[in-house]
Amino acid sequence: MFESFAEVSMSLDIGTLSVIAICVTSLLGLFLLFAWSQDRTTALAWWGMAYLIGSLSGTMWRLADVMTLPVPESLPDVLLFIAVGMIWSAARLLHGRPVLWGAMCFGAVVWLASFSFPLFATSAASRLIVSSLIVATYTFLTAAELWRERRKSLIRRWPASLVPMLHGAIFLFPIALASLDSSNHAFATGWVALYAIEIVLYVVGAAFVVLMLAKDRAVRQYKLAASTDPLTDLLNRRGFFEAAAAIMAERQLSKQPVCVLAFDLDHFKTINDVFGHSAGDATLHLFAAVVKKTLRAGDAIGRLGGEEFIALMPATLTDAASAADRVRKAFATASAAAGSHAAVTVSAGVSCGSALAEIDTLISRADAALYRAKSNGRNRVEAADEAVAAAPERRGPGASRQTPILQPVPTLAVPLVGPYRARGQQRALRSVA
């Protein structure tokens, strides 16, 4: 079978395939650098430079066949191993992991150290095995880095990992075949042709993968910026309602309740008037840090504006009230420990109800409870007396059932009529708070 493969591969000109591989790799390297210049994703620059270094290595190999180069004989191999190490580092950078400089250059160091053994320097099979192991190892590490990414992405993890995995597997074949028929020139030529074709396919496929991953990363960053309050790094109004809708939809399946926690910093207007807005901003930032640390990672926490914060959590009323009280105590402690101009406290209101309830109603009930906490002395938590029932089903002509209770995004285009009008009235009443 191998002889047949060699005969077919012999019909392909190895020099032409090598030149095509070098040209394609160089063009893709330049293209990735251009993509990096547009969105400044560092991984694209590393990947593009790795391609250019790899193509330089291939060029030096081709020139060495026709002329003597004024460089060390091992330089093309060293450049190749640095290139594959850079691709692995680019995969790490793509997902926010640091470059391991020693590990990136380890393959090149191993290659140079191996030449200190006379048997290695004179054995073509040994050099083939070691070089294949180095390339395959870095390629498998690249696949592992891409697979480790756990965030939701526009493309799934397995296609991103499959391309380098196949490339690494193909580079393992010479290890098993080096001792079988290394003296057969046709056999060796067939494998060189296979590698030239495979390298072209790999560099194209890998470039496509890294561009898609970089695009996915940029989309995530833009979405995060659009849904995040820049001062506190909490969700803004749009982000909160989107996150709340997702939590409530999940709780509908298990028919478990959800709770809304409304927070308002006490005497915040006084802090701004007396100590300045910079002190007010520092207080807001401190509360955001406390509430993120105190509540659970899966809770939706947002800043609605000014000193008003809100959270939605899957819990019972008792558990939600306890969580709000933990936030209250933690913020009072943190504010006193921060040595700010004035010790700041927070009041909270809690409402609970069915996951099928209107989110506006839950917020309005929590806001009413918060107003009671303000009226009763501040720095306390009040809970709504009654649970919010599920919203009634809406039926229309030609539709047997409609339940548009989780429609936060359309309401974002205009101010919410119910709870936010109430909040405006109450804000005027507690303007001296």
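Sequential numbering from 1 along the given sequence is applied to the chain's residues. These figures come from a predicted structure and were not determined experimentally.
Within the 4.5 Å cutoff, side-chain heavy atoms of T316 are placed close to those of D319. Looking at H285 and T232, their side chains never come closer than 4.5 Å, going by heavy atoms from C-beta outward. Residues M60 and V71 meet the side-chain proximity criterion, which asks for heavy atoms closer than 4.5 Å. Contact annotation: the side chain of C23 approaches that of V19 to within less than 4.5 Å [non-hydrogen atoms, C-beta and beyond]. Between S26 and I22 the shortest side-chain heavy-atom distance falls below 4.5 Å. No side-chain heavy atom of L265 sits less than 4.5 Å from a side-chain heavy atom of T345. Contact of the V350 side chain with the V381 side chain is registered, since non-hydrogen atoms from C-beta on lie closer than 4.5 Å. Side-chain contact between L261 and I310: absent, with no pair of heavy atoms (C-beta onward) separated by less than 4.5 Å.
Checking side-chain atoms of T294 against main-chain N and O of V291 turns up no donor-acceptor pair under 3.5 Å. Side-chain N or O atoms of T41 include none that pairs as donor or acceptor with a backbone N or O of L44 at under 3.5 Å. A donor-acceptor pair under 3.5 Å is absent between the side-chain atoms of R251 and the main chain of V258, judged by distance alone. Checking side-chain atoms of T25 against main-chain N and O of A21 turns up a donor-acceptor pair under 3.5 Å. When atom types are taken as modelled, the side chain of T228 and the backbone of P230 share no donor-acceptor pair closer than 3.5 angstrom. The main-chain N or O of F331 is never found under 3.5 Å from a side-chain atom of R328 such that the two would form a donor-acceptor pair. In this structure a side-chain-to-backbone donor-acceptor pair under 3.5 Å is missing from D229 to N236. When atom types are taken as modelled, the side chain of S116 and the backbone of A113 share a donor-acceptor pair closer than 3.5 angstrom. Formation of a donor-acceptor pair under 3.5 Å by the Y138 side chain with backbone atoms of G107 is found in this model. Here the side chain of S364 pairs no donor or acceptor atom with the backbone of T361 at under 3.5 angstrom.
Around CD of Q256, the count of heavy atoms belonging to other residues, nucleotides or ligands within 6.0 Å exceeds 12. Heavy atoms from other residues, nucleotides or ligands lying under 6.0 Å from NZ of K292 number more than 12. More than 12 non-hydrogen atoms from other residues, nucleotides or ligands lie less than 6.0 angstrom from CZ of F120. In F115, the CZ atom is crowded: over 12 heavy atoms of neighbouring residues, nucleotides or ligands sit closer than 6.0 Å.
Here S227 contributes atom OG and L235 contributes atom CG; the two are 6.0 Å apart, rounded to the nearest 0.5 Å. To the nearest 0.5 Å, atom CG of residue D39 and atom CG of residue L211 are 9.0 Å apart. Here L304 contributes atom CG and F309 contributes atom CZ; the two are 9.0 Å apart, rounded to the nearest 0.5 Å. In this structure, the separation between SG on C105 and CG on L112 is 10.5 Å, given to the nearest 0.5 Å. Atom CD1 in I301 sits 10.5 Å away from atom CG in L312 (nearest 0.5 Å). One distance of note links CD1 of I271 with NE2 of H277; it measures 12.0 Å at 0.5 Å rounding.
For A45, the side chain to side chain contact (heavy atoms under 4.5 Å, CB included) test picks out L33, W36, with sequence neighbours left out. In terms of the side chain to side chain contact (heavy atoms under 4.5 Å, CB included) criterion, residue partners of R296 (sequence neighbours excluded) are, by chain and number, D299, M313, P314, A315.
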With a cut-off of 3.5 Å and sequence neighbours excluded, list every side-chain donor-acceptor pair involving residues 77-93.
residue, atom, partner, partner atom, Å
S89, OG, G85, O, 3.1
R92, NE, P98, O, 2.7
R92, NH1, E145, OE2, 2.9
R92, NH2, P98, O, 3.3

Run the side chain to side chain donor-acceptor pair (under 3.5 Å) check on S347 and D264 step by step: do they pass?
CA-CA 5 Å; S347 299; D264 190 282; over 6 Å; no
Derivation and outcome, ring pair (Phe, Tyr, Trp, His ring centres under 6.0 Å), residues W147 and F140:
CA-CA 10 Å; W147 181 258; F140 287 137; over 10 Å; no
Are V209 and M212 close enough, and set up right, to give a side-chain contact (heavy atoms from CB on, under 4.5 Å), and what steps lead you there?
CA-CA 5 Å; V209 167; M212 290 297 295; 5.9 Å; no
Take L362 and M248 through the test side-chain contact (heavy atoms from CB on, under 4.5 Å) and record every step on the way to the result.
CA-CA 12 Å; L362 286 167; M248 295 181 72; 4.0 Å; yes
Could you go step by step and tell me if Y202 and T139 meet the side-chain contact (heavy atoms from CB on, under 4.5 Å) rule?
CA-CA 11 Å; Y202 171 68; T139 309; 4.2 Å; yes
If you apply the rule side-chain contact (heavy atoms from CB on, under 4.5 Å), what do you find for L231 with R303, and how did you get there?
CA-CA 10 Å; L231 176 61; R303 180 190 178 202; 3.6 Å; yes
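Taking each heavy atom of A206 and W47 in turn, the nearest pair found is CB-CZ2, 3.9 Å. Considering every non-hydrogen atom in both V388 and A357, the closest pair reads CG1-CB, 3.6 Å. In terms of heavy-atom proximity, A383 sits nearest to L317 at CB-CD1, 4.1 Å. The two residues A311 and L295 make their nearest non-hydrogen contact at CB-CD1, 3.8 Å. Contact detail for A384 and A369: the closest heavy-atom pair is N-CB, 4.0 Å. Residues F240 and G302 approach most closely at CD1-N, 4.1 Å, considering heavy atoms.
Remark: aromatic rings of F287 and F263 are close, center separation under 6.0 Å.
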